[in-house]
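A short worksheet on the structure shown next.
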Number of protein chains: 2
Amino acid sequence: MAISTRYSDAIHIMAFIYIYQNTKLSSENIAKSVMTSPVVVRRIMSALQKAALIKTTHGSPNPVLAKDAANITLLDIYLAVENDKPLFTVDHKTNPQCIVGSQIQGILTQHYHEVQSAALGRLERITLQDIIDEIITNYKSGKDD
Amino acid sequence: MAISTRYSDAIHIMAFIYIYQNTKLSSENIAKSVMTSPVVVRRIMSALQKAALIKTTHGSPNPVLAKDAANITLLDIYLAVENDKPLFTVDHKTNPQCIVGSQIQGILTQHYHEVQSAALGRLERITLQDIIDEIITNYKSGKDD
DNA sequence: TATCTTGTAACTTGCTTAGTTACAATTACT
DNA sequence: AGTAATTGTAACTAAGCAAGTTACAAGATA
């Protein structure tokens with residue numbers, strides 16, 4: 001199965017906190033933009049907070065980014081909400097008596113690791129600031145989606 | 001969620017067909033190596049057959065690779081069993097009234113596409129022959145896993 | 001003909017995510 | 001101080017997907 005919308009929602013929330021920083025940033029208001037429930041938003045924000053990407057205050061609706069948006073990458077956000085979950089899964093139950101079954105796990109583990117590094121390396125090159133800039137630019141130029 | 005073991009099992013099956021081509025390649029025997037049920041093996045092989053990576057005969061246990069192993073990439077196998085399933089999922093339910101909600105889908109779609117291309121591009125560089133060679137080499141050098 | 005095998009459908013089970021309900025702890029306003 | 005709003009988290013429900021199982025018609029093989 002593909003990565004859940006949790007990751008996309010986390011990026012959405014981070015951009016929202018920046019762009020709407022002068023409004024009331026309650027989980028309820030954020031949830032209206034993400035179109036989900038406030039609890040789901042708080043759940044994601046809890047992960048972002050634990051990864052030190054945002055700062056929140058218990059009881060008070062005023063989350064802020066913990067660092068400059070230019071210093072937060074999409075990889076940071078990915079790791080915050082998905083940990084280091086593999087994109088590809090090795091089958092760990094194969095027959096050790098068989099030439100293929102005994103070797104395939106180790107071989108695929110290595111190759112998958114390389115592929116995943118390539119993907120995450122790309123995420124690392126994109127910053128939250130890039131996303132925010134694109135949102136503003138596209139919005140001003142009247143893109144509907 | 002990550003890609004299921006179906007993909008790993010598909011690579012396993014392809015390598016098995018090559019390495020054990022002089023034995024009886026029934027779905028039951030293949031299943032013993034993958035340690036799953038014959039039906040699961042046949043299901044995967046059905047996808048590989050539809051993608052023209054192997055040739056099978058209804059009723060007869062003699063599957064063969066449809067082309068040279070050096071001309072089959074891990075990307076071919078991936079596309080055969082997972083189609084073009086996205087590794088990352090855009091949340092398609094966001095608020096169009098909101099600056100962020102109205103723009104984020106399109107922006108993430110683009111970036112995800114680039115990241116996915118990077119990953120699949122890596123898979124394309126690895127051939128089934130590479131995997132087979134590594135299996136044989138590691139097996140001969142006595143690797144347990 | 002008799003037996004084995006493939007290919008596929010239908011069902012069950014288990015896992016993961018998203019959404020919901022509930023509530024204690026904290027903040028903030030008056 | 002007291003009240004209302006909010007966060008943070010746990011527990012539960014519901015939906016979606018993969019994998020395993022059962023069953024069986026259609027084709028191969030000897």
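Order of the sequence lines sets the chain letters (A, B, ...), proteins ahead of strands, with each chain counted from 1.
- Summarising the geometry, atom CD1 belonging to B:Ile77 is positioned 6.5 Å from atom CG belonging to B:Leu53; distances are rounded to the nearest 0.5 Å.
- Rounded to whole Å, atom P of D:dT7 lies 14 Å from atom CD1 of A:Ile44.
- In this structure, CG in B:Leu120 is found 6.5 Å from CG in B:Leu79, a value given to the nearest 0.5 Å.
- Distance NE2 (A:His92) to P (D:dA19): 13 Å, rounded to an integer number of Å.
- Taking CG of A:Leu25 as the reference point, atom CD1 of A:Ile19 lies at 11.5 Å (rounded to 0.5 Å).
- Ring planes of A:Tyr78 and B:Phe88: perpendicular class, angle over 60° (limits at 30 and 60°).
- Rounded to 10 degrees, the angle separating the terminal helix axes of the helix from C:dT1-D:dA30 to C:dT30-D:dA1, each built from five base pairs, is 20°.
- Between A:Lys32 and B:Cys98 there is no side-chain heavy-atom pair separated by less than 4.5 Å.
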N/O-N/O pairs, protein side and nucleotides 4-8 of chain C side, under 3.5 Å:
{"residue": "C:dT5", "atom": "OP1", "partner": "B:Lys24", "partner atom": "NZ", "Å": "2.0"}
{"residue": "C:dT6", "atom": "OP1", "partner": "B:Ser27", "partner atom": "N", "Å": "3.0"}
{"residue": "C:dT6", "atom": "OP2", "partner": "B:Ser27", "partner atom": "N", "Å": "3.4"}
{"residue": "C:dT6", "atom": "OP2", "partner": "B:Ser27", "partner atom": "OG", "Å": "2.7"}
{"residue": "C:dT6", "atom": "O4'", "partner": "B:Gly59", "partner atom": "N", "Å": "2.9"}
{"residue": "C:dT6", "atom": "O2", "partner": "B:His58", "partner atom": "NE2", "Å": "2.7"}
{"residue": "C:dG7", "atom": "OP1", "partner": "B:Thr56", "partner atom": "OG1", "Å": "2.6"}
{"residue": "C:dG7", "atom": "N7", "partner": "B:Arg42", "partner atom": "NE", "Å": "2.6"}
{"residue": "C:dG7", "atom": "O6", "partner": "B:Arg42", "partner atom": "NH2", "Å": "2.9"}
{"residue": "C:dT8", "atom": "OP2", "partner": "B:Ser46", "partner atom": "OG", "Å": "2.9"}

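- In this structure B:Ser37 satisfies the side-chain contact (heavy atoms from CB on, under 4.5 Å) test together with B:Val39, B:Val40, sequence neighbours excluded.
- Counting only N and O atoms by type, the side chains of A:Asp130 and A:Thr127 include a donor and acceptor under 3.5 Å apart.
- Residue A:Lys55 places none of its side-chain N or O atoms closer than 4.0 Å to OP1 or OP2 of D:dT7.
- Of the candidate nucleotides C:dT17, D:dG20, C:dT20, C:dT20 has the atom nearest to the side chain of A:Val40.
- Rounded to a whole Å, the NZ atom of B:Lys93 is 11 Å from the P atom of C:dA18.
- When rounded to the nearest whole Å, the span between CG of A:Asn29 and C1' of D:dT7 equals 14 Å.
- For the residue pair B:Asp76/B:Thr73, the side-chain donor-acceptor check at 3.5 Å is satisfied.
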